[in-house]
Amino acid sequence: MSLVAGVDSSTQSCKIVIRDADSGELVRTGRAPHPNGTEVHPDRWWEALRKAVDDAGGLHDVAALSVGGQQHGMIALDASGEVVREALLWNDTRSAQAATDLIGELGEQEWADAIGSVPVASLTVSKLRWLRDAEPENAARTHAVALPHDWLTWKLAGGKGFDGLVTDRSDASGTGYWSPASEGYRHDLLERGLGHSALLPRVLGAHEQAGTGSGELFGGLLGPGAGDNAAAALALALGPGDVAVSIGTSGVVSAIADAPTADGSGLVTGFADATGRYLPLACTLNAARVLDWAAQLLGVDHRGLAELALQAPSGADGLVLVPYFEGERTPNRPRSTAALHGMRLSNTTPAHIARAAVEALLCSLADGIDALRAAGVPVQRAFLIGGAAQSAAVQQLAPGILGLDVLVPTPGEYVADGAARQAAWVLSGRDAQPEWSASGEPRVLPVRELTPQVREQYAQVRELTAER
Ligand SMILES: Nc1ncnc2c1ncn2[C@@H]1O[C@H](COP(=O)(O)OP(=O)(O)O)[C@@H](O)[C@H]1O
Ligand SMILES: O=C(CO)[C@@H](O)[C@H](O)COP(=O)(O)O
């Protein structure tokens, strides 16, 4: 029996799954937390990976490993491979003005045609422009630019020299200087951001080997890895009409497409997937943490929050939360704040507030699904994944608000699973992906009653927020 490992280095934690390479059967798992904040030294991610590996009982018997990770994070490396400054994460919005400047120079549709997406604060190219303008000395020292999953794969291989710095097309497509349509880097756009050229990771094919581990933490075969959403799509084996709805720190709706998208409105980012196809996606900054906020405010745990939310009526008697606590990316409102509308003495009970929080989260994801449809992506059913997908209230309200049958796969780490599946693919040396039979059938939650009034009252107040 050969074993493979998949890593999810996500915003809040590092998770690892170890599975049988042939059947996909789960053998063991591990996890470790990441520090809070939107500016993190990559060494903290390496430390968390080491702890997660320990927690999983080590990698001594693992033949191949791939890393999936949070997308877009800017890791600037100097000529000797040292990190120039803390990485700026996908949800750091200080680069909002830089994104606006980049759009002003080229135009929305021109960016979408060039790289599949219109720059927002999250994209790496906007963060590099911020670095150029705010920290010119750090920009000048930047010799190479990597993403979180590229850097961790490189560290596993020993972290020496730049020949081993590799990435895959899914994560490259979230940088803002790689074109899914032409499958190549746009060095001109990198230079437009950073102000000078820099070395970029080599983009590997979907199941191409990325070398071997150095032996310090892992000595087996390394896969190319993937952006987290592409890794989850690999694990779910999404088909036409399927949408993955991921509720982690980010709220993401994504689908597999056979052709690249170029949405000049900026609502849908036209990324690549981890199999050679495409992954149109809409991503919000406010998802699981909206429920974390509500639970903390009301002094309950997540089970208690779900119970409260299910006690209140649909629409929370007109109490509507606009959940832009962290600013927002989709729609692009980086300076926005959250707002609670329609407050009356009678509808501000804990149950109403809990209900408004869950409805706000689902309405913002439903807006993302509308944007996918408007970009020509067929949408028929939704797979619910990510930490907050386990909320009973989210599960119960999702079909009515999303207007779709919802499938809840067996609780698990779908990003890490997708990375493990990629590792098995690399290990097999075959062109076809491994057929894994081990994952159980998802639970189907059919649409019983549509609740369009919840989305209508949300749409009425969605624009009414103060700037930070
Ligand atoms: N039962 C639950 N109900 C609501 N939220 C939950 C539940 N379980 C976990 N979460 C939340 O999910 C988030 C972690 O999900 P995860 O997908 O791992 O995030 P990320 O990928 O961004 O690190 C946390 O904010 C956590 O509080
Ligand atoms: O920015 C995006 C997608 O474009 C996010 O999906 C990040 O990749 C972070 O994901 P989580 O850690 O929240 O799952």
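No hydrogens, no waters, no symmetry mates; every other heavy atom, side chains included, goes into these values. When a ligand or atom number is given, it counts from 1 through the structure's own listing order. Quick caveat, the model's predicted, so the values are computed rather than measured.
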Test your reading of the model: is there a side-chain donor-acceptor pair from [X] to the backbone of [Y], 3.5 Å cut-off?
| X | Y | answer |
| --- | --- | --- |
| His149 | Pro224 | yes |
| Ser126 | Val120 | yes |
| Glu39 | Glu86 | no |
| Ser250 | Val252 | no |
| Arg468 | Ser336 | yes |
| Lys127 | Asp92 | yes |
| Gln395 | Ala389 | yes |

>> Taking the six-membered ring for Trp, are Trp425 and His207 closer than 6.0 Å centroid to centroid?
In response: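 Under 6.0 Å, so yes.
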> Are Leu152 and Trp46 close enough that some pair of their side-chain heavy atoms sits under 4.5 Å apart?
Replying inline: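 A side-chain contact exists here, since the closest heavy-atom pair is under 4.5 Å.
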Only heavy atoms of [X], strictly under 4.0 Å: list the atoms of ligand 2 that pass.
| X | value |
| --- | --- |
| Val252 | 6 (O) |
| His72 | 1 (O), 2 (C), 3 (C), 4 (O) |
| Gln70 | 8 (O), 9 (C) |
| Thr249 | 13 (O) |
| Gln71 | 3 (C), 4 (O), 7 (C), 8 (O) |
| Phe271 | 4 (O) |
| Ser250 | 5 (C), 6 (O), 9 (C), 10 (O), 11 (P), 13 (O), 14 (O) |
| Cys283 | 1 (O), 2 (C), 3 (C), 5 (C) |

[atom]: nearest protein contact (heavy atom, Å):
| atom | result |
| --- | --- |
| atom 9 (C) of ligand 1 | Gly387 O, 3.5 Å |
| atom 13 (C) of ligand 1 | Ala288 CB, 3.6 Å |
| atom 14 (O) of ligand 2 | Asp228 OD2, 3.5 Å |
| atom 1 (O) of ligand 2 | Arg329 NH1, 2.8 Å |
| atom 3 (C) of ligand 2 | Asn229 ND2, 3.4 Å |
| atom 22 (O) of ligand 1 | Thr249 OG1, 2.4 Å |
| atom 12 (O) of ligand 2 | Thr11 OG1, 2.5 Å |
| atom 4 (C) of ligand 1 | His302 ND1, 3.1 Å |

>> Under 4.0 Å, heavy-atom basis, I'd like to know which part of Gln12 is in contact with ligand 1: side chain, backbone, both or neither.
In response: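 The part of Gln12 near ligand 1 is both the backbone and the side chain.
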> Can you tell which part of Lys15 has a heavy atom less than 4.0 Å from ligand 1: side chain, backbone, both or neither?
Replying inline: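 Under 4.0 Å from ligand 1, Lys15 contributes side-chain atoms alone.
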> Does even one non-hydrogen atom of Gln12 get within less than 4.0 Å of ligand 2?
Replying inline: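 The answer is no: ligand 2 sits nowhere under 4.0 Å from a heavy atom of Gln12.
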> Is it true that atom CD of Gln396 has more than 12 heavy atoms of other residues, nucleotides or ligands lying nearer than 6.0 Å?
Replying inline: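 Atom CD in Gln396 is not packed in, count stays at 12 or less.
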>> Take a 6.0 Å sphere around CD of Glu449 and say whether it holds more than 12 heavy atoms from other residues, nucleotides or ligands.
In response: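 Counting neighbours around CD of Glu449, 12 or fewer heavy atoms of other residues, nucleotides or ligands fall under 6.0 Å, so no.
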Proximal atoms of ligand 1 relative to [X] (non-hydrogen, under 4.0 Å):
| X | result |
| --- | --- |
| Asp292 | 24 (C), 25 (O), 26 (C), 27 (O) |
| Ser10 | 20 (P), 21 (O), 23 (O) |
| Gly386 | 17 (O) |

> Is it the side chain, the backbone, both or neither of Asn91 that has a heavy atom closer than 4.0 Å to ligand 2?
Replying inline: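 Answer for Asn91: neither.
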> Is NZ or CZ of Arg462 both nearer than 6.0 Å to the six-membered ring centre of Tyr324 and within 45° of the ring axis?
Replying inline: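 Checked: cation-pi criterion not met.
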> Regarding Asp263 and Thr261, is there a side-chain donor-to-acceptor distance under 3.5 Å anywhere?
Replying inline: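 No - no donor-acceptor pair under 3.5 Å links their side chains.
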> salt bridge (Lys or Arg N to Asp or Glu O under 4.0 Å) between Asp8 and Lys15: does it pass, once the steps are laid out?
Replying inline: CA-CA 5 Å; Asp8 175 13; Lys15 307 140 211 186; 3.6 Å; yes
